[in-house]
Every structure is written in structure tokens, then in C-alpha cells.
Amino acid sequence: MKEWFSLRTVRKKLVLFSKLAGIALLLSYSLTARLPVGGEAVWLLLVILLVLLLDLFLGRSISKPVAELNASAKRIADLDFSAPCAVVSKDEFGELAASLNTMAENLRQALAGLEAANRQLELDVETERRLLAERRELVDSLSHEMKTPLGVIRAYAEGLLDETDEARKRKYAQVVIAEAERMNGLLMTLLDLSALESGAAALDITRFDFVELVETVAGRLLIDAPNADFDLQYELPGQKVFVRTDRRRMERVLENLIGNARKNVYPGGRLRLELTEGDGALHFSVLNQGRVIPEDALPHIWTKFYRGRGASYSGSGLGLSIVAQILSMQNMPYGVENQTDGVRFWFDIPDFMLR
């Protein structure tokens, strides 16, 4: 009996209410029929009241939930999941509302997953296109770079076959060896850069005195260099400054930047090294008096094989690319700027690496 009167279904609600309405009509008619005067009018008022109650019941129990369910279904059909169905009851309408909300949430998650997968696919396609373009550019640039040493090697190798003078043969052989070493150095540099870009090369973090490293590299490239024709100036801390980074990679950075400055300084020009502390960071810069870099070329000098118009240096065109990659891997800011009489390259070692 309790289960029958639990009203967990719309059908039970309608059956129960219709029976109660019928009983109410019979009782009201029976009671009003015994009234001596005005019984029919009272019974009519009771009937009207019963109809209004029935209309209210049907509106709240059926019409309103159906309208809300219909509106929710339309929103879901339009892929609008912003508002869940607000029908809350223990009958079929409540179960249907809960099912609609569950379906809407599942659809929302599925669409979000599809959108994320689509974005990832677009990124993957774009990455693949970029890699293909880089490979094509790399092959073209490498082919161009290899033409000169290969041509020199072939010319001198042919000369060796025809030359009878031993001194000339030795000179030709030395040229062939030098060009072969140049090619090998280019390939090794290119492989190193490729490993850095792909993440295959891991950083070896150690603690060391960065002032001592700058002094060592600068001494080897500038002070001990033969026929050095420039005015060397420098500003270094008077005490040790320890950093936590990859010593070998940072030595490569210093060699490329200082070597680049030396190759491009005017004869008798000023070459200035600075290593200073400030704002919680260690600042390095190298300035050489020489030809400035065209402003439109500044954003491109970190690109592989880029030398720019009128560049006077004769390297592989990979040095600054390696510098940029090593510094970027360690989140070190870096840059280049033209001065009134030269070019200044710089980078900063952040405070979290200074200890």
C-alpha cells in the first residue's frame, strides 16, 4: 500500500488525483444535496474550486516539467551546455532530467576532448610542416656550405696527382686536410645544434666560478692570440661569482660571442668585455668597434647559416644559433644591439643560478 501511494511515477499521481477528485465530487454533491437552500450553487463552487486545483496540479506536475525538459533538449541539440535542466522530482520527469544532464555533460566532455585533439592535431601538422621546411632549408644550406670545401679538396687532390715538387705536394696535402677538418667541424657543429634543438642533448649542471671561466676564454682568444690588433678593455668582478649551469656549454657560448667580436672589430678598434652583478643577476656583454648590423638583419642573426649582408666573418654561420639554443634551454635572456660605433652582444644569468 505504501509503495502504491509513494507517487514515484506520473501515472500514479494522475490516477490518485483523479480518484481523489472523483471522491471529492461525490462527497460534495452528497453534502450539498442535503442543504435546504442553495445546494446546487455551493456544489458548483466546489466543482470550480476542484477544477482549479486540478489545473494547478497538472501544471506543476506535467506541463511545467515538460516545458523545461523540452527547452533543455533544444539547448542540448544546439550544443549549449551552459544551463542544466532544473526539473527535480522523484518521477519519470526527474529521471529524464537527470539523464539529460548526464548526457549533456558527457557530450560537453566529448566535444572538449575532440577540440583538444583537433588543436593538438593542428599543432602536430604545423610542427611537421615546420620541421620539413627546416630540413629542406638545412639541406639547401648545407649543400651550399659544402660546395666550397669540396671544390677546394678536389682541386688540390687533382693537383697532387700532377705535382712533382715535394714541397708543393706537402702544401696541397695540408690544404686538403684543413678543408676536411673544416667540413668535419661543420658537420659536428650541426649535429650538436640538432641535438640541442631536439632535446636529445642534456645539460650537465655544475657549480663553478663564472669569472674564472670568462678570464680563461678571453685570455685564450684575446690576450694570447697572435697579431692581436685591437684595444682590449674589460670590467670583471674582483671576487669569485659561482653559478650553477652547464660549464662546457657556457664555455661554448663565450667562445662564440668573444670570437665573433674579435673577428669583426676594426683594426685598432676597441673590444670591451663586461661582467657585472646587479638586480639579482649576472650580466655579460662584449662590445666591438666595427661595422654595425643592419636593423632588418638583427632578428635573423640567430638563424642557422645566416651571415647577413656584407658580413666580414667567415665562420659556419652556426655559432650564434648554438648560442641562442644553449641560452634558451637555460632560460637566460640574451640579445644584440647596435651602438654608435659597433655592436654589443649580451646575456644574463638569472639569480636562481647564482649560488
Side-chain angles (χ1 to χ4, degrees), residues 75-82 103-147 183-205 245-246 248-250 252-253 256-257 260 281 293-311 313 315-338 343 345-350 352-353:
R75 288 195 298 269
I76 294 174
D78 294 334
L79 301 180
D80 178 9
F81 311 115
S82 58
M103 180 179 67
E105 179 62 21
N106 292 337
L107 282 174
R108 186 191 66 78
Q109 294 180 2
L111 288 175
L114 286 174
E115 291 176 357
N118 186 54
R119 288 193 297 269
Q120 184 60 45
L121 181 60
E122 291 177 353
L123 289 175
D124 292 342
V125 171
E126 182 62 29
T127 301
E128 185 65 23
R129 289 176 180 172
R130 179 177 57 81
L131 290 175
L132 288 174
E134 289 181 354
R135 291 192 189 103
R136 190 179 299 111
E137 178 186 1
L138 180 60
V139 170
D140 293 342
S141 300
L142 192 57
S143 300
H144 177 74
E145 293 294 325
M146 290 296 184
K147 284 181 180 179
M183 290 177 59
N184 181 67
L186 176 61
L187 290 174
M188 294 303 295
T189 301
L190 192 58
L191 289 174
D192 189 29
L193 179 58
S194 177
L196 288 171
E197 291 176 337
S198 64
L203 296 173
D204 181 18
I205 305 300
T245 179
D246 189 318
R248 183 174 64 88
R249 300 291 185 188
M250 293 308 297
R252 185 78 173 274
V253 169
N256 286 341
L257 293 181
N260 182 69
I293 302 173
E295 291 296 325
D296 60 343
L298 285 176
H300 307 291
I301 63 172
W302 312 102
T303 306
K304 292 189 292 288
F305 297 111
Y306 185 83
R307 293 192 180 88
R309 301 192 309 270
Y313 46 89
S316 65
L318 296 173
L320 292 180
S321 296
I322 291 180
V323 168
Q325 188 63 37
I326 292 174
L327 296 177
S328 297
M329 289 175 64
Q330 302 180 90
N331 297 316
M332 295 183 184
Y334 64 91
V336 58
E337 55 189 23
N338 286 320
V343 180
F345 283 86
W346 62 270
F347 67 84
D348 295 338
I349 300 179
F352 65 88
M353 295 182 177

| request: Find the distance between CG (Leu257) and OH (Tyr334) and round it off to the nearest 0.5 Å. | output: 11.0 Å
| request: First locate atom CG of Asp348, then atom CG of Asn331, and finally report the distance between them rounded to the nearest 0.5 Å. | output: 13.0 Å
| said: I need the Ile326 CD1 to Leu203 CG distance, nearest 0.5 Å. | reply: 8.5 Å
| request: Give the minimum heavy-atom separation between Trp302 and Ala324, together with the two atoms involved. | output: CE3-CB, 3.9 Å
| query | Which pair of non-hydrogen atoms, one from Pro333 and one from Pro350, has the smallest distance, and what is that distance? | reply | CD-CG, 4.4 Å
| Closest approach of Trp346 and Val336, non-hydrogen atoms and distance? | NE1-N, 3.8 Å
| query | If you round to the nearest 0.5 Å, how far is CZ of Arg119 from CG of Leu121? | reply | 12.0 Å
| note | The side-chain hydrogen bond (donor to acceptor under 3.5 Å, both in side chains) partners of Asn118 (sequence neighbours excluded) come to Glu122
| Do Met250 and Leu327 touch side chain to side chain, with heavy atoms closer than 4.5 Å? | yes
List the atom pairs, donor and acceptor, that lie under 3.5 Å between side-chain atoms in residues 104-115 and the rest of the protein, sequence neighbours left out.
| residue | atom | partner | partner atom | Å |
| --- | --- | --- | --- | --- |
| Glu105 | OE1 | Arg108 | NE | 3.2 |
| Glu105 | OE2 | Arg108 | NH2 | 2.5 |
| Glu105 | OE2 | Gln109 | NE2 | 2.9 |
| Asn106 | ND2 | Thr102 | O | 3.3 |

| Taking atom OG1 of Thr245 and atom CD of Gln330, what is their separation to the nearest 0.5 Å? | 3.0 Å
| query | Looking only at atom types and distance, does a side-chain atom of Asn256 sit under 3.5 Å from a main-chain N or O of Leu320, one as donor and one as acceptor? | reply | no
| message | As an exercise, state the distance from CE of Met332 to CE of Met353, rounded to the nearest 0.5 Å. | response | 4.0 Å
| note | Sorted by chain and number, sequence neighbours left out, side-chain contact (heavy atoms from CB on, under 4.5 Å) with Asp204 holds for Thr206, Asp246
